Amino acid sequence: MAAQQRHLRIPAPLWNDRAELPRAALLSGAVLFVYLLTLCPSVAGGDSGELVAVTCQFGTAHPPGYPLFTLIAKLFSWIPVGEVAWRVNFLSAVCDALAAGVVHLLAARWTRNWRVGALAAGIFAFAPAVWQFAVIAEVLALNNLLVAALLFFSLRHHQEGRFSDLRWGAFIIGLGLSNHHSLVFWAIPLIVWTLSQRPRELLRVRPLFELIACGFAGLLPYLYLPIASRWPQTTSWGDQTSWSGFLTHLLREEYGTFSLGVNAKHEGGDWPLRIWFYLKRVPVQLLYFGPVVALWGVWVSWKNSARVAGSTSFLKITAFTAA
């Protein structure tokens with residue numbers, strides 16, 4: 001038995017995330033430096049003024065309330081530098097800079113090539129639509145960070161099968177929904193895909209209960225809404241002290257619960273046109289050479305996948321059991 005154990009070879013992990021952390025931190029720091037050079041010095045347009053005012057007064061923003069952003073922004077508002085608006089703008093810069101670091105970890109793990117990860121992070125960080133909202137008070141930068149983290153844990157679970165990554169993913173989904181409901185467009189496909197890969201393991205009572213509990217834990221910031229409504233401020237929107245008021249705000253009934261991202265002027269008939277416009281804008285948003293980098297990443301990933309294919313099944317079984 002001892003001789004057999006000596007000859008038993010356990011495959012190495014697919015990718016060492018800790019070894020990539022210094023590069024990811026350096027990249028996030030460089031991105032943050034550039035963001036700081038272009039950071040809006042005061043109140044910007046759009047929802048920024050409302051979000052800054054809500055932060056100052058512990059109020060309630062427009063539906064669905066954005067409680068996670070409000071709570072984190074309040075912490076940033078205590079930074080003893082600049083005016084409050086600058087500090088909340090700084091929160092967005094930090095979130096998108098961290099998101100760039102996570103994108104680096106995600107792409108590097110997927111392709112097993114840190115250079116691809118660095119390029120992907122750079123293209124993400126300086127894409128016009130990302131950079132635009134990374135320098136003002138907006139909830140979108142925090143949403144980017146949460147989506148990047150969700151994709152990272154989903155990829156690592158797919159490669160190594162660790163149940164702890166699913167717990168983190170469920171928790172991040174809850175957090176993301178307490179910030180911006182558009183995260184459902186990422187969460188639902190990932191949930192369906194994950195369940196389709198391992199239905200017999202994940203649909204058992206205990207794993208399912210743990211994942212649901214983690215998801216609800218991520219939704220806890222919504223407790224802020226009824227608490228804040230008990231001391232209404234000039235910047236508070238609606239009354240969430242009752243169940244009806246809370247659900248009205250949470251479900252965005254004033255805007256139309258299922259009209260997320262739909263302009264009332266164009267309601268219902270122009271989705272093909274919207275998709276076409278989105279596809280036309282992809283080269284611009286990816287700085288034109290982004291699609292080439294994406295293809296390179298796919299090729300590098302395919303090239304390296306055969307090298308670790310033999311160890312993947314073993315890792316998934318042992319990691320899931322250990323977790």
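What you see is a predicted model, and the numbers here were worked out from it, not measured in a lab.
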Side-chain heavy atoms nearer than 4.5 Å, only ILVMFWY residues, links allowed to pass through others: does that put [X] and [Y] together?
X: Phe209; Y: Leu219; answer: no
X: Leu39; Y: Leu75; answer: no
X: Ile172; Y: Leu140; answer: yes
X: Phe246; Y: Phe216; answer: yes
X: Val205; Y: Leu166; answer: no

Could you tell me whether the side chain of [X] and the main chain of [Y] form a donor-acceptor pair under 3.5 Å?
X: Tyr66; Y: Leu51; answer: no
X: Ser196; Y: Trp193; answer: yes
X: Ser77; Y: Lys74; answer: yes
X: Ser178; Y: Leu175; answer: yes

For the student: nearest non-hydrogen atoms of [X] and [Y], plus distance:
X: Trp237; Y: Ala61; value: CB-O, 3.7 Å
X: Ala85; Y: Ser42; value: CB-C, 3.7 Å
X: Thr70; Y: Gly65; value: OG1-O, 3.9 Å
X: Leu225; Y: Gln240; value: O-OE1, 3.8 Å
X: Val135; Y: Tyr35; value: CG1-O, 3.8 Å

What do the steps show when you test Val81 against Arg87 for side-chain contact (heavy atoms from CB on, under 4.5 Å), and what is the final call?
-> CA-CA 7 Å; Val81 177; Arg87 301 168 194 173; 5.6 Å; no

Could you grab the distance from atom [atom1] of [X] to atom [atom2] of [Y], nearest 0.5 Å is fine?
X: Leu119; Y: Thr111; atom1: CG; atom2: OG1; result: 10.0 Å
X: Leu142; Y: His180; atom1: CG; atom2: NE2; result: 10.5 Å
X: Asn143; Y: Phe133; atom1: CG; atom2: CZ; result: 12.0 Å
X: Thr60; Y: Tyr224; atom1: OG1; atom2: OH; result: 5.5 Å
X: Leu36; Y: Thr38; atom1: CG; atom2: OG1; result: 8.0 Å
X: Cys214; Y: Trp168; atom1: SG; atom2: CH2; result: 9.0 Å

Qualifying salt bridge (charged side-chain N to carboxylate O under 4.0 Å, His left out) pairs, either residue in residues 207-219, two or more places apart =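 Qualifying pairs: Arg167-Glu210, Arg206-Glu210.
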
Sorted by first residue and then second, give each salt bridge (charged side-chain N to carboxylate O under 4.0 Å, His left out) pair with at least one member in residues 36-49; sequence neighbours left out.
->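 Sorted pair list comes back empty.
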
Taking side-chain contact (heavy atoms from CB on, under 4.5 Å) as the test, write out the residues that go with [X], two or more places apart.
X: Ala137; result: Ser48, Val52, Val88, Asn89
X: Leu26; result: none
X: Ala24; result: His104, Leu105

If you link ILVMFWY side chains whenever their heavy atoms are less than 4.5 Å apart, which other residues fall into the same cluster as Leu220? By chain and number, please.
->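 When side chains under 4.5 Å apart are linked, the cluster holding Leu220 also contains Leu223.
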
Is any side-chain heavy atom of [Y] closer than 4.5 Å to one of [X]?
X: Trp110; Y: Leu106; answer: no
X: Trp131; Y: Val34; answer: yes
X: His249; Y: Pro64; answer: no
X: Pro199; Y: Leu195; answer: no

Give the intermediate values and the outcome of side-chain contact (heavy atoms from CB on, under 4.5 Å) for residues Leu208 and Leu202.
-> CA-CA 6 Å; Leu208 193 59; Leu202 298 178; over 6 Å; no

Among all residues two or more places apart in sequence or in another chain, which pass the ring-ring contact (aromatic ring centres under 6.0 Å, His included) test with Phe90?
->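 Per chain and number, Phe90 pairs via ring-ring contact (aromatic ring centres under 6.0 Å, His included) with Phe76, Trp86.
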
How would you list, by chain and number, every residue that makes a ring-ring contact (aromatic ring centres under 6.0 Å, His included) with Tyr222, sequence neighbours excluded?
->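 With sequence neighbours excluded, Tyr222 shows a ring-ring contact (aromatic ring centres under 6.0 Å, His included) to no residue whatsoever.
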
For Asp165, enumerate each residue passing the salt bridge (Lys or Arg N to Asp or Glu O under 4.0 Å) test, keeping only those at least two apart in sequence or located in another chain.
->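 Applying salt bridge (Lys or Arg N to Asp or Glu O under 4.0 Å) to Asp165 gives Arg156, Arg162.
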
Quick one: list whatever passes salt bridge (Lys or Arg N to Asp or Glu O under 4.0 Å) with Arg23, sequence neighbours left out.
->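 In terms of salt bridge (Lys or Arg N to Asp or Glu O under 4.0 Å), with neighbours along the sequence ignored, Arg23 is linked to Glu20.
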
Ser154 and Trp186: side-chain donor and acceptor closer than 3.5 Å?
->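 Not at all, the side chains of Ser154 and Trp186 share no donor-acceptor pair under 3.5 Å.
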
Using distance only, find each side-chain donor-acceptor pair of residues 145-153 under 3.5 Å and give its atom names and separation, not counting sequence neighbours.
none

Please report, to 0.1 Å, the donor-acceptor pairs under 3.5 Å made by any side chain of residues 91-103, with sequence neighbours excluded.
| from | atom 1 | to | atom 2 | distance (Å) |
| --- | --- | --- | --- | --- |
| Ser92 | OG | Ile136 | O | 2.6 |
| Ser92 | OG | Glu138 | N | 3.4 |
| Ser92 | OG | Glu138 | O | 3.3 |
| Asp96 | OD1 | Asn144 | ND2 | 3.0 |

